[in-house]
Amino acid sequence: MERRDFLKITISGCALGLLSGYPGFPGYSRSPLAPASLSREEARYYQKLPDREIRCDLCPRFCQLGDRERGFCGVRENQGGKYYTLVYGQVASLNVDPIEKKPFFHFLPGSEAFSLATAGCNLNCKFCQNWEISQMRPEQVKNIYLPPESVVATCERYNCPVIAYTYTEPVIFFEYMYDCSLLARKKGIRNVVVTAGYINPQPLSDLCRVVDAIKVDLKAFNQNFYHEYVRGQLQPVLEAIKQIARSKIWLEIVYLVIPTLNDRSEEIKEMCRYLKNEIGPDYPIHFSRFHPMYLLKNLPPTPVSTLEKLREIALNEGLRYVYIGNVPGHPGENTYCPGCGRVIIERYGYAIRKKEMNGNKCRFCGREIAGVWS
Amino acid sequence: MKKSRVVIINCRRILPDPVRPDPEIILAMLKKGLSLLAGVSSAGEALSHWFRHGEAIGIKINTIAGKALSTAPEVSRTLGLWLGSTVTSVEKIIIWDRSDEELRQAGYRISTSGGSLKIFGTDNRRAGYQNQPVSLRHIGSLFSRIQAELIEASISLAILKDHGLAGITAGLKNYFGAIHNPNKYHDSGCDPYVAELFETEAIRNKHRLTILDAIRVQYHRGPSYHPRWLAVCQKLIFSSDPVAADTVGWQLIEELRARKGLPSLKEENREPLYLRTAEKLGLGKSSMQDIEVIEEEI
């Protein structure tokens, strides 16, 4: 039994039995619903308005809510004119994953990431892979209460160097993620965030001060797609990407390629040019394979040839680290040195087979490779 | 083109406690309203217009705003008991909303045992949500098993309220409580979502009647409870056309707003446009000129 499998079974004793909110756990059940024992921690980033209304300033939706109403995310609620997060410490999914699964390819490769999520999301992607927790309200999934101290202590007990806030949308459990990160950092544990980047500048700026890396899912490079399939806007995501790059914490970008919807070569070319101009050529981009899911079951999986073509376009546009995702064993999973062109990290799926680096440099030509390696 | 009929029954007598109206008066209002709607003289006969004998009937109420501003138990229970003594049996009636807790907070006692009205939320062990989402146009949701599986016919018994985003919340929007993710459908004034949700099989094929509880109406700053903008109207509004019922409810809210010198919903840029969308989808009439309003008193 691998350590991460063992952890799934034993972590936190009885708590683990409740972690079946994540589809990966056997015995997953949505109904009957979990008892309503939600947290009631005052939310950050909101304004009080007249007549017990509030405006949430956490994400670009700026939900304006009357008493007893919840935001689009389904996890933040106005109670009598005060705004609360209902998911502080309410973990719906908990695993130890290879960091490559997030994916982060240039951030402590081969590390194990103590990965957690609460229910909820501030988007509504029709192709969500984790919709059974992300598109739910916290009372509709099974949760365990894991305060920040317990997260960090458990992470330490299992010698995980990284905590990953992932699976759903960490922006919506901002307060919990922030407090966990702050505490983890004091213990020398790194924090990484897997997000769609739908967040306002101030909370993002505060977040960047306590985390070490952010992976942004850029869903497409056109507003129509964001409107129709994501129920959000593109521009705030692009602004977030630029802000993260400016903040100097590590950034990787994932682009899930969905046949016929966001796979036009011209669009990808335009996106790569934009990224190179705005954030430079060194942040990795992963073109991931789509599999039919949730409300988009009528489309086939992405042809590998499409991913290869888009990877080629990105490389031709001057991006230095371009990967193919969700195709185990494909050469596009490997890291190639932009100096000598040789494979410096060979991967198979989430596993690292070979690493040919000295510190942050290519072992063959000595070229510095962008990333966080130690 | 045949007009859609909407019946408004006013209670002439001052209700001593409009939060907990007298069930006898409510029963008289229900009987009169539904008889007029069906165009028959006997109330019992009226029910056979919409319900088959022995059907399992769901009464979807709205309890989101707590005790102060929810469908009154006196209204829903009276309707349920009457249905249960005429077209079906009481144990085949389910009065329901999203959760047991919200029902309790609105003054309901949870009841799942045989021989009496069933009152419970989707989160009750007997219910839950379906496992696979229903996808139609812009809607992608898990349905409450109560609406999708446990009942054969449905009544939307909503409290009539102003709504900060949707303009109004009434019979159509009440069905937001039948899905797991209503929070995803509040942008653009809930349009087209309210209409598209109603179009789904689980709702459209089962919905028989809209009854709007307008005993007390929140005409401004809804859907939350604000006593300052709450009017005691002592009305029930009936229609088998869900769009027409809400359209008439909307007019009532506009009248109350005008009387208090408040701008119209259109002036506040929150006209309930989903009603027009619903008409385009063939769900009912959203123009007052296509609606026949019959208003009577008891």
Side-chain angles (χ1 to χ4, degrees), chain A residues 28-38 49-54 61-81 119-128 131-132 134-137 139-141 172 227-229 231-233 293-298, chain B residues 63-66 68-70 98-102 104-106 120-142 144-145 149 161-165 169 179-188 193 218 220-229 270:
Chain A
Y28 169 72
S29 163
R30 188 181 304 107
S31 173
L33 305 174
S37 55
L38 306 178
L49 303 175
D51 301 318
R52 304 195 312 274
E53 291 196 349
I54 65 95
R61 293 191 178 280
F62 293 107
C63 292
Q64 193 165 321
L65 306 168
D67 187 17
R68 300 175 74 114
E69 288 191 301
R70 284 196 204 175
F72 187 95
C73 60
V75 305
R76 302 165 82 80
E77 184 172 284
N78 178 353
Q79 296 179 8
C121 182
N122 58 347
L123 294 172
N124 186 211
C125 301
K126 290 193 188 319
F127 45 89
C128 184
W131 69 272
E132 287 170 298
S134 73
Q135 297 304 313
M136 297 289 168
R137 292 174 168 223
E139 64 270 38
Q140 294 166 342
V141 299
I172 59 95
H227 177 73
E228 191 68 20
Y229 295 98
R231 304 272 309 280
Q233 297 170 61
M293 187 64 75
Y294 189 33
L295 304 174
L296 267 191
K297 287 183 174 163
N298 58 334
Chain B
T63 57
I64 196 170
L69 193 60
S70 293
R98 299 188 307 185
S99 73
D100 284 355
E101 185 54 29
E102 282 178 339
R104 278 191 205 101
Q105 284 181 13
F120 55 87
T122 295
D123 70 342
N124 189 281
R125 285 180 179 279
R126 290 182 172 242
Y129 290 98
Q130 293 190 304
N131 285 321
Q132 286 304 312
V134 169
S135 180
L136 178 73
R137 300 181 198 266
H138 295 90
I139 300 293
S141 297
L142 301 174
S144 165
R145 285 189 58 242
E149 297 171 18
K161 295 191 281 186
D162 169 89
H163 192 287
L165 300 172
T169 172
I179 53 173
H180 84 290
N181 57 351
N183 46 301
K184 301 297 185 196
Y185 302 124
H186 278 80
D187 28 351
S188 21
Y193 310 110
Q218 184 77 54
H220 186 52
R221 285 288 189 205
S224 311
Y225 171 59
H226 293 282
R228 187 179 156 195
W229 294 297
R270 53 189 186 94

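In what follows, every chain begins at residue 1, and chains take the letters A, B, ... in the order their sequences are listed. Computed from heavy atoms alone, side chains included, the values below leave out hydrogens, waters and symmetry copies.
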> Which atoms of L65(A) come close to chain B, meaning under 4.5 Å heavy atom to heavy atom: side chain ones, backbone ones, both, or neither?
Replying inline: neither
> Of the backbone (N, CA, C, O) and the side chain (C-beta and beyond), which part of H163(B) lies under 4.5 Å from a heavy atom of chain A, both, or neither?
Replying inline: side chain
>> Heavy-atom pairs under 4.5 Å with chain A - which of A65(B), G164(B), P182(B) has more of them than the others?
In response: A65(B)
> Heavy-atom distance under 4.5 Å between the side chains of D51(A) and H226(B), does that happen here?
Replying inline: yes
> Nearest 0.5 Å, what's the OG-NZ distance between S135(B) and K297(A)?
Replying inline: 9.5 Å
>> Looking at every non-hydrogen atom in both residues, tell me the closest pair between E69(A) and P223(B) and how far apart they are.
In response: OE2-CG, 3.3 Å
> Checking R52(A) side chain against Y225(B) main chain: does a donor-acceptor pair fall under 3.5 Å?
Replying inline: yes
>> Taking the side chain as everything from C-beta on, heavy atoms only, tell me whether D187(B) gets closer than 4.5 Å to R61(A).
In response: yes
> Side chain, backbone, both or neither: which part of Q105(B) has a non-hydrogen atom closer than 4.5 Å to chain A?
Replying inline: side chain
>> Are M136(A) and H180(B) packed together at the side-chain level, in the sense that at least one heavy-atom pair is separated by less than 4.5 angstrom?
In response: yes
>> If I compare all heavy atoms of S224(B) with all of G66(A), which pair ends up nearest, and what's the gap?
In response: OG-C, 3.4 Å
> Within the distance-only criterion (no hydrogens, no angle test), does the side chain of R231(A) pair as donor or acceptor with the backbone N or O of K184(B) below 3.5 angstrom?
Replying inline: yes
> Closest approach of L295(A) and G140(B), non-hydrogen atoms and distance?
Replying inline: CD1-CA, 3.6 Å
> Does any heavy atom of chain B fall under 4.5 Å from the side chain of C73(A), the backbone, both, or neither of them?
Replying inline: backbone
> With a 4.5 Å heavy-atom cut-off, do R98(B) and R137(A) have their side chains touching?
Replying inline: yes
>> For a 4.5 angstrom cut-off between non-hydrogen side-chain atoms, does N181(B) reach Q140(A)?
In response: no
> CG/N183(B) to CD/E77(A) distance, rounded to the nearest 0.5 angstrom?
Replying inline: 10.5 Å
